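Below is one structure, written out as structure tokens, with a few remarks after it.
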Amino acid sequence: MQSRSLARELALLVLGQLPDREVKAIQESAKADFSVESLLQKALDTLLQHWRETLDGCAADLEKAQQHLLDSELKDGDRSDNAVVRDQLKASLESAEQVLNGLSGSLELPRLLALADQDRVREDARQRIALVLEQRTSIDARLDGVMEGWRLTRLPRIDRDILRLAVVDLTALKTPAAVACNEAVELANRYSDDQGRRMINGVLRRLQAAASTSSLS
């Protein structure tokens, strides 16, 4: 993994540790002198919380499936109920697979960081965090402009931060649109669900189209 990709991922995970509403507080957080160790700890804390919430969702799906099975037995095996149970089990298995993949990436993160240029990763991650926090109002307005019937605030926090980092890449860091969008898609594949990935892909396509016509300047 290249240093910039690793820094981008760390920035995403650290952003998830910061309050989403207290603008002044998070802007002050961006000025903190983060060490690589503190960045990594924040990243792992964020991952732990994210996967815990996903597992809670899996447990809820399994409970619903179990209840439907009991109801189906009382109704002598209604086929419509069986279809519902299959859908719920499928959703639970997909979520569990996402957790396993995410945990695998979490275990790999410290090793990748140890092999990377730590000074570059630290400074790149801090720069991305600071840019997102300092420009969040204009970034969110830009994203809302291409949401097509949605508002950014309706997305899960991690999806919002993936998109915010993509805008920073396209604007302040002048990353080529194809590269910025591809990196954001990779983050979505690692940390979002199917619905989130579809939404992020759609927004990124519209951002890329805007970048190609106006260079987002």
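What you see is a predicted model; the values in this text were computed from it and never measured.
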State the [atom1]-[atom2] distance between [X] and [Y], to the nearest 0.5 angstrom.
X    : Y    : atom1 : atom2 : value
Y191 : I162 : OH    : CD1   : 9.0 Å
T137 : Q135 : OG1   : CD    : 10.0 Å
R160 : R136 : CZ    : CZ    : 8.5 Å

Any side-chain heavy atom of [X] within less than 4.5 Å of one from [Y]?
X    : Y    : value
L165 : L15  : yes
V167 : V132 : no
L163 : L155 : yes
L143 : L207 : yes
E9   : R190 : yes
L152 : V203 : no

Side chain [X], main chain [Y], donor-acceptor under 3.5 Å:
X    : Y    : value
R128 : A11  : no
N201 : R197 : yes
R4   : V121 : no

>> To check you understand the geometry: which heavy-atom pair defines the closest contact between I139 and V168, and what is its length?
In response: CD1-CG2, 3.7 Å
> Looking at residues at least two apart in the chain, or sitting in another chain, which of them share a salt bridge (charged side-chain N to carboxylate O under 4.0 Å, His left out) with R151?
Replying inline: D144
>> D140: which residues meet the salt bridge (charged side-chain N to carboxylate O under 4.0 Å, His left out) condition with it, sequence neighbours left out?
In response: R164
> Who pairs with R198 by side-chain contact (heavy atoms from CB on, under 4.5 Å), at least two apart in sequence or on another chain?
Replying inline: D194, Q195
Side chains of residues 175-184: which donor-acceptor pairs under 3.5 Å do they make with residues two or more places apart or in other chains?
from, atom 1, to, atom 2, distance (Å)
T175, OG1, D169, O, 3.4
T175, OG1, D169, OD1, 2.8
E183, OE1, S5, OG, 3.1
E183, OE1, R8, NH1, 3.2
E183, OE2, S5, OG, 2.9

